[in-house]
Structure formats: structure tokens, C-alpha cells
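Working notes, beginning with the structure itself.
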2 protein chains.
Amino acid sequence: MSGSEFSSQVDISSLKVACKDCNLYQLCLPLGLENDDLERLDSIIKRRRPVKRHAFLYQSGDIMKSIFAVRSGSFKSYTLTDDGTEQITGFSLPGELIGLDAISSGQHISTAKALEMSHVCEIPFEKLEELSNAIPGLQRQLLRIMSKEIAHDQSAILLSKKSAEERLACFIISLVNRYEARGFSAKEINLTMSRVEIASYLGLAVETVSRVFSRFQQDGLMSVNRRSIEINKIDKVHILAGTKPSTN
Amino acid sequence: MSGSEFSSQVDISSLKVACKDCNLYQLCLPLGLENDDLERLDSIIKRRRPVKRHAFLYQSGDIMKSIFAVRSGSFKSYTLTDDGTEQITGFSLPGELIGLDAISSGQHISTAKALEMSHVCEIPFEKLEELSNAIPGLQRQLLRIMSKEIAHDQSAILLSKKSAEERLACFIISLVNRYEARGFSAKEINLTMSRVEIASYLGLAVETVSRVFSRFQQDGLMSVNRRSIEINKIDKVHILAGTKPSTN
DNA sequence: CGCGCAGTTGACGTGCTTCAACCGCCGTGG
DNA sequence: CCACGGCGGTTGAAGCACGTCAACTGCGCG
């Protein structure tokens with residue numbers, strides 16, 4: 001419920017909005033920029049491209065020309081194994097940048113696919129690089145965002161040491177934190193990804209994910225109905241996840 | 001054997017070497033810089049600080065003033081759980097940058113500890129930021145390195161989906177690739193980290209790591225003697241790891 | 001209305017963890 | 001010089017958490 005409202009609110013209200021009026025301003029690339037600088041960034045951004053559910057933003061092997069800011073909706077990033085199974089490396093929410101892993105090699109090493117009807121702002125990377133040379137604040141923010149991504153990925157590495165319960169708890173906490181940072185109460189969240197996708201991300205079997213969700217519900221931590229989740233005892237989830245303070 | 005030779009070679013020959021003469025030049029931050037620009041970078045770097053085995057480069061919670069380039073030796077990065085166990089998030093080899101995860105928050109979220117006698121170049125971050133505003137090539141290289149780190153961390157996330165054999169194979173391949181990039185034949189490598197540390201990084205029990213090493217040896221993939229490893233059938237290790245081409 | 005896919009639940013097998021004993025290298029001190 | 005203690009590493013045996021296989025449910029869509 002809250003998840004889809006989230007999406008549609010942003011979609012409808014912001015299709016033609018400039019960075020300075022965007023409600024994701026303080027999460028996104030322009031943070032810290034003002035007036036002129038903000039407008040210069042604004043001018044290179046190809047704004048508000050809609051991406052249909054299940055459409056690709058880019059595919060593994062594509063030349064990286066742009067990075068993307070999620071404006072509304074959500075994405076999954078994944079690679080394929082030799083036998084063709086998806087291996088999900090992350091999910092992206094509004095205000096987050098996708099494609100940063102491709103800067104080094106110049107081509108995308110993963111595929112990004114919309115989980116729902118979404119919108120992105122396309123940021124041509126070459127121009128972004130030029131511009132962040134000219135605007136110190138932009139360079140700083142770009143470095144910050146990349147650093148945050150590194151920190152986030154490293155906390156995801158820690159998942160491999162954890163039990164199924166801990167993994168799912170961490171996953172939920174991460175979602176809650178990110179939704180909260182976007183100004184949502186996040187007591188109830190609407191998952192835009194399937195159990196299979198969650199399982200792939202967490203390195204578990206679908207059945208295990210399903211069972212752990214059921215156990216969480218039995219223990220009164222949350223009520224789960226397919227993709228809509230209402231969290232009742234966030235403290236206990238935090239304890240399970242082993243992350244009292246905010247994770248992000 | 002080859003590992004420690006590796007370290008000492010670099011140590012001895014390079015204590016007073018400027019970036020332009022450093023044999024890690026093409027892996028490190030200065031890549032692509034020339035003459036003036038290179039010297040300006042050189043001038044802000046506090047060079048060649050020795051770090052004793054088991055000494056900290058920084059600890060979790062420290063204010064991040066500098067990032068570090070490994071000059072020789074190796075480091076582990078880790079966080080602690082509530083019950084005080086190390087959770088290793090990565091290992092750093094010569095030519096690699098440590099501390100990038102701290103840019104976002106301004107303080108270190110992990111601890112970096114030398115696995116052996118090592119040397120680092122300290123790079124004051126504020127000055128680096130200023131300088132990379134002035135030198136486009138430096139900004140580009142910094143972004144590249146951070147992107148590479150993101151890509152590397154994301155491939156580490158995939159570990160949680162893999163079996164013990166696959167995890168260890170991936171780990172070895174990653175080391176081999178990185179040693180090779182540094183110009184070493186890498187048929188024989190000398191691990192600078194203990195089994196416990198490998199196990200922590202891979203999310204396995206020590207005993208499992210030990211057993212898998214034994215199995216690899218029985219199958220003739222490599223000969224293992226404590227920390228020195230000679231790889232005989234790198235192809236088969238690649239197959240196990242599921243990474244035919246280079247991983248990095 | 002009925003097909004199909006997403007999700008759940010149960011029964012069973014197994015790969016990894018845990019617990020425990022043991023080995024061998026290395027440094028220290030007698 | 002050897003004896004000893006300790007730590008890093010290996011190996012074996014037993015238990016358990018998770019994966020696999022399979023059946024079932026309920027929602028959504030044509």
C-alpha cells in the first residue's frame with residue numbers, strides 16, 4: 001500500500017520538476033549545490049525518462065554513457081550465471097544512483113531492470129565529469145555518493161556470515177532506513193520485489209525466505225501479506241539484524 | 001615465499017621513490033597524470049609511512065582525515081560484532097586505496113590493520129579533493145578507482161550465494177588476478193592472512209576452509225602448505241569459481 | 001471459469017558448523 | 001642444545017540449518 005502510493009505520488013507530481021524543486025533533492029546528486037551551479041547540473045540532465053515495469057535501464061556489456069538517478073519506482077541490478085540464473089546484487093530506490101560500478105571499465109557489468117513503472121533522470125557521464133571539475137560541490141557530492149555505495153556494499157558482504165533470519169532482518173532494516181530517509185513512516189512497506197528476487201539477493205532459497213517471513217509473523221515482529229508488510233516490533237528486528245543504529 | 005619476497009622487494013627499493021618512479025604507478029592514483037600534475041599530487045602525499053604487523057592504520061569511529069595507498073605489504077579491513085568477533089570485509093594489496101568507505105560519513109566505519117610489515121602513502125583527503133578539482137585527470141582516476149571498488153564489492157556480495165568450494169576458489173582467483181596485475185607470475189602465492197581471517201571474509205568456519213584447501217590439494221588443483229600455495233590447474237580453479245575471464 | 005504464476009508449507013537429504021582431538025611449527029627459557 | 005608451551009592448522013564425528021523436491025493455495029488475468 002504505502003509502497004505504491006510512494007511511487008505514484010512522486011511520479012505524478014514531479015514529471016517536469018527541475019532539480020531544485022525535486023523532493024529528492026537532499027538525497028540525490030545536487031545536494032549542496034545552489035543557484036547557478038544547480039542550474040548547470042540541471043541543464044545536462046536528460047530528465048524524467050519513464051521506464052516500464054520489466055524494462056531494462058541498461059544491460060550487462062552495454063557501453064556506459066550515462067549514469068541514472070532513480071526518480072520514482074525501483075530497480076534491481078543483477079548478473080547472470082553460466083546457467084542463466086539471475087544473481088541480484090542490489091535494489092535501487094528513488095534518490096539513488098545506478099550505474100556507478102561501470103565507471104571503471106566503461107561498460108556495464110550488471111543489468112538494471114525496473115521492478116515497477118519507474119522514472120529516472122539520465123546523467124551523461126562525460127558531461128558530469130566535466131561539470132564536476134568546474135563545480136567543487138558537485139565533485140564532493142559525487143564522491144560522497146560513491147563512498148556511500150561502497151559502505152553499503154561492504155555491509156552487504158557481511159550477509160554471507162549471517163543466518164537466514166539475520167539476513168532477512170538486515171534486508172528489511174535496510175529498506176526501512178532508506179524509506180525513512182525519503183520521509184516515509186516505513187512502519188508499513190510494500191515490497192516491489194518478489195520472494196525469488198529477495199532470495200537471490202540474500203543468497204537463500206525462496207522457501208527459506210518464505211519460512212522466515214512466516215516465523216517473523218508468528219513471533220509478532222511484523223504482519224506479512226505477500227508483498228505488503230507491517231512492522232510491529234522494529235526494535236526486535238534491529239536486534240536480529242545486529243544493527244541497533246541506522247544502517248543505510 | 002613469493003609473497004614475502006614481493007613485500008620486501010617493494011619495501012627496500014621504494015622507500016624514497018616519488019610517484020613517477022613508483023612501480024605501482026599504473027595501478028594507483030597517479031595513473032594518467034604527467035609532469036606538473038603528477039608532481040602536484042606527489043607534493044601533497046605524505047609518503048612511505050611504515051606500518052608494523054598488527055598495527056592499525058585507522059580504527060572504526062576515527063575521523064577520516066586521509067585515505068591511504070598501500071605501498072607494500074597487506075591489510076585487512078573489518079568491523080566488530082557486539083560479541084567482539086572480527087568480520088572481515090576485505091583485504092588490500094599494494095597499489096590499492098584504503099579508506100574510501102569513510103568519505104561519505106567523514107569517519108571510518110571499519111578498522112584497517114596490517115597483516116605484515118607494510119608501507120603506505122598517506123593522502124590527506126581535503127587536499128586530494130582540492131587537487132582533483134584542479135586536475136581533471138586526477139578526478140577521473142579517483143572516480144575510476146572508487147567505481148572499481150564498488151564493482152569488486154558487488155562481486156563479493158555474490159559470494160553469499162555460493163558453496164564453500166566456490167567461495168574459496170573465487171577468493172584465490174581474486175588474489176591471483178591482483179598479484180598478476182602487479183606483475184607477479186602468481187603461480188605460487190603466499191597468503192598473508194590466516195585461515196581464520198579467510199574464513200571470516202568468506203563467511204565460513206575455519207575448519208571448512210581448511211577442509212576445502214585439503215580437497216583442492218587432493219584433486220591436484222594446487223599444493224597447499226600452510227600459507228604458501230602453488231597453483232597447478234588454474235583453469236579448473238577458474239571453473240570452480242565460475243569466472244573464466246579476469247575478475248579483479 | 002480456469003489457467004498460471006507467486007507464495008506457502010511439509011518431508012527429507014546434505015553441506016556446513018560445531019565440538020573435540022590432534023599435529024607441527026616456532027619462540028622462549030632452562 | 002633440547003624441552004616445553006602455545007598458536008595456527010588439520011582432521012574426524014555428530015548435529016543442525018538450510019536446500020531440494022513436491023504438493024498445495026490463492027490471487028490475477030485472459
Side-chain angles (χ1 to χ4, degrees), chain A residues 1 3-4 53-54 76 81 83 85-88 113 115-117 159-172 189-219 222-230 240, chain B residues 1 3-4 53-54 76 81 83 85-88 113 115-116 159-172 189-219 222-229 240:
Chain A
M1 190 85 36
S4 40
R53 180 172 144 93
H54 293 164
K76 64 174 171 182
T81 51
D83 66 342
T85 31
E86 274 182 27
Q87 305 213 277
I88 295 187
K113 197 176 195 175
L115 291 171
E116 57 187 317
M117 179 62 200
L159 284 180
S160 70
K161 304 165 204 351
K162 303 195 183 197
S163 72
E165 288 200 354
E166 290 170 322
R167 292 187 199 193
L168 192 57
C170 285
F171 175 69
I172 292 169
I189 58 182
N190 201 295
L191 303 175
T192 58
M193 64 294 285
S194 71
R195 295 288 189 274
V196 176
E197 287 159 343
I198 297 174
S200 168
Y201 178 65
L202 296 178
L204 297 169
V206 204
E207 295 93 328
T208 306
V209 172
S210 189
R211 272 185 263 266
V212 175
F213 265 127
S214 302
R215 216 178 305 156
F216 282 173
Q217 182 160 21
Q218 276 170 32
D219 299 351
M222 56 189 74
S223 48
V224 181
N225 191 293
R226 301 199 153 231
R227 297 198 178 185
S228 74
I229 292 180
E230 187 178 351
L240 271 179
Chain B
M1 193 77 46
S4 40
R53 180 172 144 92
H54 293 163
K76 63 174 171 181
T81 52
D83 66 341
T85 29
E86 273 182 29
Q87 306 213 276
I88 295 187
K113 197 175 196 176
L115 291 171
E116 58 187 317
L159 285 179
S160 70
K161 304 166 204 349
K162 302 196 184 200
S163 72
E165 288 199 354
E166 289 171 321
R167 292 187 200 193
L168 192 57
C170 285
F171 174 70
I172 292 169
I189 59 183
N190 201 294
L191 303 175
T192 57
M193 65 293 286
S194 71
R195 296 287 189 272
V196 176
E197 287 160 342
I198 297 175
S200 168
Y201 177 64
L202 296 178
L204 297 169
V206 205
E207 295 93 329
T208 306
V209 172
S210 189
R211 272 185 263 265
V212 174
F213 265 128
S214 302
R215 216 177 306 156
F216 281 173
Q217 182 161 20
Q218 276 171 30
D219 299 352
M222 56 189 74
S223 47
V224 181
N225 192 293
R226 303 203 150 227
R227 298 198 177 186
S228 74
I229 291 180
L240 271 180

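Only heavy atoms go into these numbers, but all of them, side chains included; no hydrogens, no water, no symmetry mates. Letters A, B, ... are given to chains in the order of the sequence lines, protein chains preceding strands, and every chain is numbered from 1.
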So CD1 of B:I189 and CD1 of B:I172: to nearest 0.5 Å the spacing works out to 6.5 Å
What residues 206-216 of chain B contributes to the DNA chain D interface at heavy-atom separation below 4.0 Å is B:E207, B:S210, B:R211, B:S214
Contacts of A:E230 meeting side chain to side chain contact (heavy atoms under 4.5 Å, CB included) (sequence neighbours excluded), chain-then-number -> A:K187, A:E188, A:S223, A:N232
Sorted by chain and number, sequence neighbours left out, side-chain hydrogen bond (donor to acceptor under 3.5 Å, both in side chains) with A:Q87 holds for none
One would report the end-axis bend of the helix from C:dC1-D:dG30 to C:dG30-D:dC1, five pairs per end and rounded to 10 degrees, as 30°
By nearest-nucleotide position on DNA chain D, the 5'-leaning member of A:L204 and B:M193 is B:M193
When rounded to whole Å, the NZ to C1' distance for the pair A:K161 and D:dC18 reads 18 Å
Rounded to whole Å, CD1 of B:I229 lies from C1' of D:dG8 at a distance of 15 Å
Taken to the nearest whole Å, CD1/B:I198 to C1'/D:dG8 is 12 Å
When rounded to whole Å, the CG to C1' distance for the pair B:L191 and D:dT10 reads 15 Å
OG of A:S160 to NZ of B:K162, rounded to nearest 0.5 Å, is 12.0 Å
- prompt: Should A:L159 and A:F171 count as side-chain neighbours, where that means a heavy-atom distance under 4.5 Å?
  reply: no
Interatomic distance, CZ@A:F216 vs CD1@A:I229, rounded to 0.5 Å, equals 9.5 Å
Sorted by chain and residue number, the side-chain hydrogen bond (donor to acceptor under 3.5 Å, both in side chains) partners of A:R215 (sequence neighbours excluded) come out as A:E165
Outer limits of DNA chain C sitting under 4.0 Å from a non-hydrogen atom of chain A, read 5' to 3', are C:dA6 to C:dA11
For B:M193 and B:L115 the tightest heavy-atom approach is CB-CD1, 4.0 Å
For B:S210, the side chain to side chain contact (heavy atoms under 4.5 Å, CB included) test, sequence neighbours excluded, returns none
Using nucleotides 4-6 of chain D, report all nitrogen or oxygen pairs with the protein that are shorter than 3.5 Å.
none

Atom pairs, N/O to N/O, protein against nucleotides 23-28 of chain D, distance under 3.5 Å?
none

Tell me which donor-acceptor pairs under 3.5 Å the side chains of residues 195-209 of chain B have, and how far apart each pair is, sequence neighbours excluded?
| from | atom 1 | to | atom 2 | distance (Å) |
| --- | --- | --- | --- | --- |
| B:R195 | NH1 | B:R226 | O | 3.3 |
| B:R195 | NH2 | B:R226 | O | 2.7 |
| B:E197 | OE1 | B:S194 | N | 2.8 |
| B:E197 | OE1 | B:S194 | OG | 3.4 |
| B:E197 | OE2 | B:K76 | NZ | 2.7 |
| B:S200 | OG | B:E86 | O | 3.3 |
| B:S200 | OG | B:I88 | N | 3.0 |

Residues passing the side-chain hydrogen bond (donor to acceptor under 3.5 Å, both in side chains) test with B:T81, sequence neighbours excluded, are B:D83, B:T85
